[in-house]
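These numbers come from the heavy atoms of this one structure, side chains and all, not from hydrogens, waters or symmetry mates. Along the sequence shown, the residues carry numbers beginning at 1.
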Amino acid sequence: MEETRYLRGLETVRKLDEGNAARLEEALKGIAPDLYRYIIEFAFGDILSRPGLPVATREIVTVSALAAMGTAQPQLRVHINAALNVGVPRAQIVEIFMQIAVYAGIPAALNALYLAKEVFTERDANGPS
């Protein structure tokens, strides 16, 4: 069961962002390798791989939640990229953050918009997205 969750999680994270699992594993292997496995199994293997929502919708929800938190910039960066990778248009990501301004506050929306601008610029510099 655990191995199935892990493999399903790896498959899911690779669909969203091929390099993300490797970057996360590298960042955690020296300090908390079990946390890496838990993230892959639970977040990606159990939740993000569920059939109830299309993957693009899941990324919209994830980007919205992370932006509203206002304290998860590295994770928001990953999921802005993942949203773009699964076909969420840039203009829609910007609109998500406009909506966040009403419910989570202007500072949270501004932080998310600044980060989105960085991600868009990085993707433009690295070729078409």
Separation of [Y] [atom2] from [X] [atom1] (nearest 0.5 Å):
X: Thr121; Y: Asn126; atom1: OG1; atom2: CG; answer: 11.0 Å
X: Ile40; Y: Leu10; atom1: CD1; atom2: CG; answer: 5.5 Å
X: Ile80; Y: Ile93; atom1: CD1; atom2: CD1; answer: 6.5 Å

Is there a side-chain contact between [X] and [Y] in this structure, where contact means two heavy atoms from C-beta onward sitting under 4.5 Å apart?
X: Leu16; Y: Asn20; result: no
X: Leu110; Y: Phe97; result: no
X: Val119; Y: Leu84; result: yes
X: Leu48; Y: Thr62; result: yes

According to side-chain contact (heavy atoms from CB on, under 4.5 Å), who are the partners of Ala65, at least two apart in sequence or on a separate chain? none
Which residues pass the side-chain contact (heavy atoms from CB on, under 4.5 Å) test with Ser49, sequence neighbours left out? Arg8, Thr12
With sequence neighbours left out, write down each residue that passes side chain to side chain donor-acceptor pair (under 3.5 Å) with [X], or none if nothing qualifies.
X: Glu26; result: Lys29
X: Arg37; result: Glu3, Glu41
X: Asp17; result: Arg23

Could you give the side-chain donor-acceptor pairs of residues 68-77 under 3.5 Å, partners two or more places apart or in another chain?
residue	atom	partner	partner atom	Å
Gln73	NE2	Asn111	O	3.4
Arg77	NH1	Glu122	OE1	2.9
Arg77	NH1	Glu122	OE2	3.0
Arg77	NH2	Glu118	OE1	2.6

Closest heavy-atom contact between [X] and [Y]?
X: Val63; Y: Ala83; result: CG2-CB, 4.3 Å
X: Ala108; Y: Ala67; result: CB-O, 3.5 Å
X: Ala82; Y: Glu59; result: CB-OE1, 3.5 Å

Classify the ring geometry of Phe44 against His79: parallel below 30°, tilted from 30° to 60°, perpendicular beyond 60°. parallel
Atom OH of Tyr38 with >12 non-hydrogen neighbours under 6.0 angstrom: no
May I ask whether [X] and [Y] are part of the same hydrophobic cluster, defined by side-chain heavy atoms of I, L, V, M, F, W, Y residues being less than 4.5 angstrom apart, directly or through others?
X: Tyr114; Y: Ile100; result: no
X: Ile106; Y: Val102; result: no
X: Ile31; Y: Leu24; result: yes

Taking the side chain from Arg50 and the backbone from Gly45, do they hold a donor-acceptor pair closer than 3.5 Å?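 Such a contact is absent between Arg50 side chain and Gly45 backbone.
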Carefully, step by step, assess Leu66 and Val78 under the rule side chain to side chain contact (heavy atoms under 4.5 Å, CB included). CA-CA 10 Å; Leu66 291 169; Val78 166; over 6 Å; no
Answer yes if the side chains of Arg123 and Asn81 hold a donor-acceptor pair under 3.5 Å, and no otherwise. yes
Between Phe120 and Val94, is a side chain to side chain contact (heavy atoms under 4.5 Å, CB included) present by the stated rule, with each step listed? CA-CA 11 Å; Phe120 299 164; Val94 170; 4.1 Å; yes
